[in-house]
*Asks:* 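The structure's right below; bear with me while I get my questions together.
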Amino acid sequence: AQSVTQLDSQVPVFEEAPVELRCNYSSSVSVYLFWYVQYPNQGLQLLLKYLSGSTLVKGINGFEAEFNKSQTSFHLRKPSVHISDTAEYFCAVDGIGGYQKVTFGTGTKLQVIP
Amino acid sequence: EAGVAQSPRYKIIEKRQSVAFWCNPISGHATLYWYQQILGQGPKLLIQFQNNGVVDDSQLPKDRFSAERLKGVDSTLKIQPAKLEDSAVYLCASSTGVIGGYTFGSGTRLTVV
């Protein structure tokens with residue numbers, strides 16, 4: 001079994017400020033980790049993914065995330081946000097082995113304030 | 001490359017009525033998923049197909065939900081009869097099987113009144 005916890009349901013941040021969206025996971029096996037973004041009335045788009053190797057993963061739109069196995073975390077960061085980053089962000093996990101099946105967190109709404 | 005197509009985009013029905021959603025995955029994607037996303041929650045997997053066979057339907061409420069994927073391509077998800085708590089966005093996704101290779105459709109927003 002696997003689960004994802006996103007403790008912050010909403011994160012307001014001023015434009016050009018840095019942001020961190022927190023994600024913790026639980027799994028009985030090794031995992032792959034993902035961040036997805038969802039703009040209003042749209043489907044989910046993959047931002048970045050951690051499969052193996054370097055724990056710092058860079059994604060699209062200037063986002064990056066760091067995998068921390070000891071803390072079972074995969075926090076998403078961006079050094080300077082734009083208005084266009086306003087969206088909902090979902091952390092997700094897939095246990096290694098078996099059929100690919102992704103479990104999502106409850107999401108964090110990022111609101112960028114001009 | 002065309003994306004995952006879903007229809008309709010919006011649907012409003014009364015409780016106890018029936019409704020069906022359609023999904024056309026990306027050509028060549030063997031795996032197809034249906035997710036339910038209730039407002040304020042993350043997407044929850046309802047059913048997963050590998051070609052035209054069901055891999056996982058453990059969270060599908062089988063007393064009212066059904067899904068099929070004929071010929072391993074298009075898929076339909078049906079709710080009969082609908083309840084108020086079925087109001088949600090129903091997302092279809094497809095995958096080549098490569099880890100993280102999900103592509104999502106824009107979803108169908110269902111409102112049950």
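On a predicted model such as this, the values are computed, not experimentally measured, just so you know. When reading the values below, keep in mind they use all heavy atoms of this one structure, side chains included, and skip hydrogens, waters and symmetry mates. Throughout, a chain's letter reflects where its sequence line sits, starting with A, and its residues are numbered from 1.
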*Asks:* Could you check, using the six-membered ring where one of them is a Trp, whether A:F34 and B:Y102 have ring centers closer than 6.0 angstrom?
*Replies:* no
*Asks:* Tell me, for A:Q6 versus chain B, whether the close heavy atoms (under 4.5 Å) come from the side chain, the backbone, both or neither.
*Replies:* neither
*Asks:* State the CD-CG distance between B:Q37 and A:L44, to the nearest 0.5 angstrom.
*Replies:* 6.0 Å
*Asks:* For B:L39, does the CG atom sit with more than 12 other heavy atoms under 6.0 Å from it, leaving out its own atoms?
*Replies:* no
*Asks:* For the hydrophobic clusters of this structure (ILVMFWY residues joined by side-chain heavy atoms under 4.5 Å, transitively), does one cluster hold both B:V89 and B:I12?
*Replies:* no
*Asks:* Please report the interatomic distance CD(A:Q42) to CZ(B:F104), rounded to the nearest 0.5 Å.
*Replies:* 13.5 Å
*Asks:* Mark yes when over 12 heavy atoms from residues, nucleotides or ligands other than B:Q80 sit less than 6.0 Å from its CD; otherwise mark no.
*Replies:* no
*Asks:* Please check if atom NZ in A:K109 has more than 12 non-hydrogen atoms from other residues, nucleotides or ligands closer than 6.0 Å.
*Replies:* no
*Asks:* Look at atom NZ of A:K58 and say whether more than 12 heavy atoms of other residues, nucleotides or ligands are closer to it than 6.0 Å.
*Replies:* no
*Asks:* Which atom pair, heavy atoms only, marks the closest approach of A:G43 to B:L91?
*Replies:* CA-CD2, 4.3 Å
*Asks:* Considering non-hydrogen atoms only, spot the tightest contact between B:G42 and A:F90 and give its length.
*Replies:* CA-CE2, 3.5 Å
